[in-house]
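To start, the structure itself, in structure tokens.
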Protein chains: 2
Amino acid sequence: MNYLIQSLKIVTQEGVFKKDPESSDLGRKIVGESILLIDELGFESFTFKKLGVRIGSNESSIYRYFESKHMLLLYLASWYWGWTEYKLVFFSANIADPKEKLEKAIEILSENILEDKNFSHINEVALHRIIINEYSKSYLTKDVDNENSQGYFSVYKRLVLRLREMIHAVNPQYTFSLSLASTVLEGIFHQQFLRDHFPTITNCNDELTSHDFFTDLVFNCLTISK
Amino acid sequence: MNYLIQSLKIVTQEGVFKKDPESSDLGRKIVGESILLIDELGFESFTFKKLGVRIGSNESSIYRYFESKHMLLLYLASWYWGWTEYKLVFFSANIADPKEKLEKAIEILSENILEDKNFSHINEVALHRIIINEYSKSYLTKDVDNENSQGYFSVYKRLVLRLREMIHAVNPQYTFSLSLASTVLEGIFHQQFLRDHFPTITNCNDELTSHDFFTDLVFNCLTISK
DNA sequence: CAAAAGTGATAGTAAAACTATTATTTTTGC
DNA sequence: GCAAAAATAATAGTTTTACTATCACTTTTG
């Protein structure tokens, strides 16, 4: 990625953090290294203690930024979805044709992730893997309704709504634009997981990608329908 | 459900349990009550200790049946998918027309769950909620490849393959039958989750169901495609 | 340069996720 | 009907997690 924009900041929801990690070196280190460590160990085995050792800092200091590792995951996810939204808007901005615009959107969502030099402390490639492997755990909790009302999932929902707008622009008659948008977004990541771990129940691999599958799927739905 | 079949048993994979819970009263009680308790507390807050108190039995006795709560979840999921497979096969058995058969299959997968009197100790309605809320956690782990090679997900994969066969029968030219099958199965449950917790990003509700959405989606894909 | 803010070190708690041992009860095989 | 075996229960103990609390030290800044 080489579209450097001076002082770009992905803004996440108020309240996911106790202290903005973007406001200090330690904060950025916490975020940057937590991505690598969660990617390595998996979310279950990841602890603030281990992260403390890794960054040569203290467990208690990390707690001053994030209430729990669950909140950290919410933060990382919001960051990822905010970044994705920014790419989606940025790269489809000057496409007038609705079909072409939607095609581009699907491409952006399912493309291979590359490091973004605008955010040097964040490894987007590792973060993308975390989203594939851990994102569901951030909302599959008993507290989801409460956290949703706090706005902790608003970036993700906004991304789905943007996609649904693009779908709607192609075919305003289609009844299931919201469900299609949420299915595509969720499905892209799920198919990538299957490709890596359950290859016998997906067609997606290095040649035939989730991008191909969902492009075909979306336009089939939008062309036929009433 | 009123298709009682004498001595029907859903067979799960060897190795998910240390001792077959179907082989004793205590075992069945463990399974039956764990479903209710996980449904109540969520998987994270559920513990064998709490389950022990609930069934008036000892934590250590539960460990003789299941190595960990993770293995218990794998067992419950396998049971659910085995039961679903059985319904799928049973109720679509004598439908000759491929289209009609696939339609029926989608209906079975997305229909409202009713208690099945063939399995008196299992509350299928609660188990269905567990699948919606917790199933992803059973495979989103660092150990997934190892557990997959042990066959712990074979029932689920078999179900996807059955669905893919039905898709294939309708349109053998369609390139993405496997991905479509896995997307539909995963998507049906995901849309139900969204309906309950993120209604702003789904069209599914009491009138317009995930059944409607996926029927439309699947046949759009299969009719158009080359 | 003093106050305040941030960070680090240490200690402590409650609960989870087990394992091990021994006692008691239940089942079963003869 | 009873002894042996199997299943279950009770108790205790271990390690780790997910925190909270306190205080000391260091860095920033007005």
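All chains are named by letter (A, B, ...) in the order of the sequence lines, taking the proteins before the strands, and each is independently numbered beginning at 1.
Residue whose closest nucleotide on DNA chain D sits further toward the 5' end, between A:Ser45 and B:Lys19: B:Lys19.
No donor-acceptor contact under 3.5 angstrom links the side chains of B:Arg195 and B:Thr202, judged on distance only. A donor-acceptor contact under 3.5 angstrom links the side chains of B:Glu22 and B:His121, judged on distance only. With hydrogens and angles left out, the side-chain atoms of B:Tyr65 and B:Ser24 include a donor and acceptor closer than 3.5 Å.
Interface residues of residues 47-59 of chain A facing DNA chain C, ordered by number: A:Ser57, A:Asn58; criterion, heavy-atom separation under 4.0 Å.
Rounded to an integer number of Å, the gap from CZ of A:Phe46 to C1' of D:dT16 is 16 Å. Whole-Å rounding puts the B:Arg64 CZ to C:dA20 C1' distance at 11 Å. Atoms CD1 (A:Ile62) and P (D:dC19) sit 13 Å apart, rounded to a whole Å.
In this structure, of C:dG8, C:dC18, D:dC19, it is C:dG8 that holds the atom nearest to the side chain of A:Ser61. Of the candidate nucleotides C:dG8, D:dA7, C:dC18, C:dG8 has the atom lying nearest to any side-chain atom of A:Leu26.
Across all strands, B:Ser60 comes closer than 4.0 Å to base atoms (heavy-atom distances). Residue-level contact check: A:Tyr65 touches the backbone only, with heavy atoms under 4.0 Å from sugar-phosphate atoms and none from bases. Residue-level contact check: A:Glu44 touches neither bases nor backbone, having no heavy atom under 4.0 Å from any strand.
Taking 4.0 Å as the cut-off between side-chain N and carboxylate O, B:Lys18 and B:Glu67 do not count as a salt-bridged pair. A:Lys142 has no carboxylate O lying under 4.0 Å from a charged side-chain N of B:Glu44, or vice versa, which leaves the two without a salt bridge.
Between A:Ile188 and A:Ile106, the shortest heavy-atom contact is CD1-O, 4.5 Å.
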